[in-house]
Structure formats: structure tokens, C-alpha cells
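We count residues from 1, following the sequence as given.
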Amino acid sequence: MAKRVTYVSSASNIQIDGLEEKLARCRQSMEEVDLKLRREKLSPEGRKSLERERNLLMTKADNYEKELSVLRKENRKNAALAVAMALLIALIYACWTM
């Protein structure tokens with residue numbers, strides 16, 4: 001039973017790592033767009049296009065952060081469950097051997 005909890009925890013960690021990587025790339029892209037908006041002379045259409053892209057990236061980043069929050073909460077819950085199971089097994093073993 002403990003192996004399954006470990007597997008689920010590892011899967012959560014892999015998902016968390018993947019989302020953190022996506023979030024980092026998204027933030028990097030936002031920084032690049034912001035830099036272009038500040039430094040380059042753009043036509044009104046070009047500026048609007050970059051602002052739309054920045055807004056889209058901000059929305060993606062918000063979604064990634066929400067997903068990360070949910071996955072981290074799930075990961076903490078799984079870790080607490082694993083600890084509780086280990087303590088229960090230790091208690092049963094201690095009672096059995098007495």
C-alpha cells in the first residue's frame with residue numbers, strides 16, 4: 001500500500017516540475033514581450049498585438065499558478081496520508097509485539 005502512495009507522490013512531483021517549467025517559460029516570454037514594448041518603436045497594430053500576447057501569457061501564467069497550487073495541496077495531502085499510514089502500521093506492530 002505504501003508503494004502506491006509513493007508512486008502517486010512521484011507522479012505529482014513530476015506534474016509539479018512540469019508546470020513549474022511551463023510557468024518559468026511563460027514568465028520569460030512575458031519579460032521578452034515587455035522588453036519589446038518598452039524598447040522598440042512599434043506601429044499601433046504591432047503594439048496591440050504584443051499587448052494581446054502579453055495578456056494571453058499573463059492568463060496562462062495565472063492558470064499554471066492555480067494548477068500548481070492544487071497539485072501542491074494534493075501532494076501535501078498524500079504525504080500526510082503516507083505518514084499517518086506509517087504511524088498506524090508502527091502502532092499496530094508495537095501492539096502486536098507486546
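Contacts of Lys36 classified as side chain to side chain contact (heavy atoms under 4.5 Å, CB included), with partners at least two apart in sequence or in another chain: Glu40, Leu50. Legend: residues meeting salt bridge (charged side-chain N to carboxylate O under 4.0 Å, His left out) with Arg27, ordered by chain and number and at least two apart, are Glu65.
Apart from Tyr64 itself, the hydrophobic cluster it occupies contains Ile16, Leu19, Leu23, Leu68, Leu71, where clustering links Ile, Leu, Val, Met, Phe, Trp and Tyr at side-chain heavy-atom distances under 4.5 Å. Grouped with Val83 in one hydrophobic cluster are Leu87, the linkage being side-chain heavy-atom contacts under 4.5 Å among Ile, Leu, Val, Met, Phe, Trp and Tyr residues.
Nearest heavy atom pair, residue Ala61 against residue Cys26, reads N-SG, 3.8 Å.
Applying the side-chain hydrogen bond (donor to acceptor under 3.5 Å, both in side chains) test to pairs two or more places apart or on separate chains, those with a residue in residues 17-26 are Glu20-Arg72, Glu21-Arg25. A salt bridge (Lys or Arg N to Asp or Glu O under 4.0 Å) check over residues 44-62, counting only residues at least two apart or in different chains, returns the pairs Asp34-Arg54.
Distance CE/Met30 to CG/Asn55: 10.5 Å, rounded to 0.5 Å. Between atom CH2 of residue Trp96 and atom CD1 of residue Ile92 there is a gap of 10.0 Å, rounded to the nearest 0.5 Å.
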